[in-house]
Every structure is written in C-alpha cells, then in structure tokens.
Amino acid sequence: MSQEKTSNPLVPIAIVVSIPVIVCLIIMLTDQGIERSLLWAAIKTGIILTVIGGAISFGVSRLAERNTPR
C-alpha cells in the first residue's frame, strides 16, 4: 500500500516568487554601478516585509481557524 503524500500548495508559489528575486539580487551583486549600501538596504527591507507578511498571515489563519464552524 502506497501512501499518497500531499504537497504544500505554497511551494510552487514560493518558487515562482523567489526566481525573480534571486535574479535581481545577482544583477545587483554583479553590476558595478550599484552601491552596496543600496543592496543591503533592499535586503533588509525585504526581510522586514517578509516577517511582517508572515506574522499577518499567521494571525489571519488563526482567526479563520477560530471562526470556522464545527
């Protein structure tokens, strides 16, 4: 008997979103005309926005879980 493994639907979305981000980071790292301080500011801003988005998503999922009828 084989067990079917359910896939997380966020994995394909994360891959599609991360590809352009990685390409932009590579371009910013290899281009000589871009200041490093701009690169690090962009990385810090991206991390902060990701953490805020994750916290909001977590909070909303908890509210939705609490309000679902049983």
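Positions are given from 1 along the sequence.
Ile22 and Met28 fall into different hydrophobic clusters, defined by Ile, Leu, Val, Met, Phe, Trp and Tyr side-chain heavy atoms under 4.5 Å apart, directly or through other members. In the hydrophobic clustering of ILVMFWY residues, with side-chain heavy atoms under 4.5 Å counting as a link, Val21 and Ile27 come out apart.
Contacts of Ile15 classified as side chain to side chain contact (heavy atoms under 4.5 Å, CB included), with partners at least two apart in sequence or in another chain: Val11, Ile19. Residues forming a side chain to side chain contact (heavy atoms under 4.5 Å, CB included) with Arg62 (at least two apart in sequence, or on another chain): Phe58, Glu65.
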Return all side-chain donor-acceptor pairs below 3.5 angstrom for residues 43-55, not counting sequence neighbours, or 'none' if the list is empty.
| unit_1 | atom_1 | unit_2 | atom_2 | d |
| --- | --- | --- | --- | --- |
| Thr45 | OG1 | Ala41 | O | 2.8 |
| Thr50 | OG1 | Gly46 | O | 2.7 |

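Sorted by first then second residue, the side chain to side chain donor-acceptor pair (under 3.5 Å) pairs that include residues 16-36, not counting sequence neighbours, are Glu35-Ser37.
Under a 4.5 Å side-chain heavy-atom criterion applied to ILVMFWY residues, the cluster that includes Leu63 comprises that residue alone.
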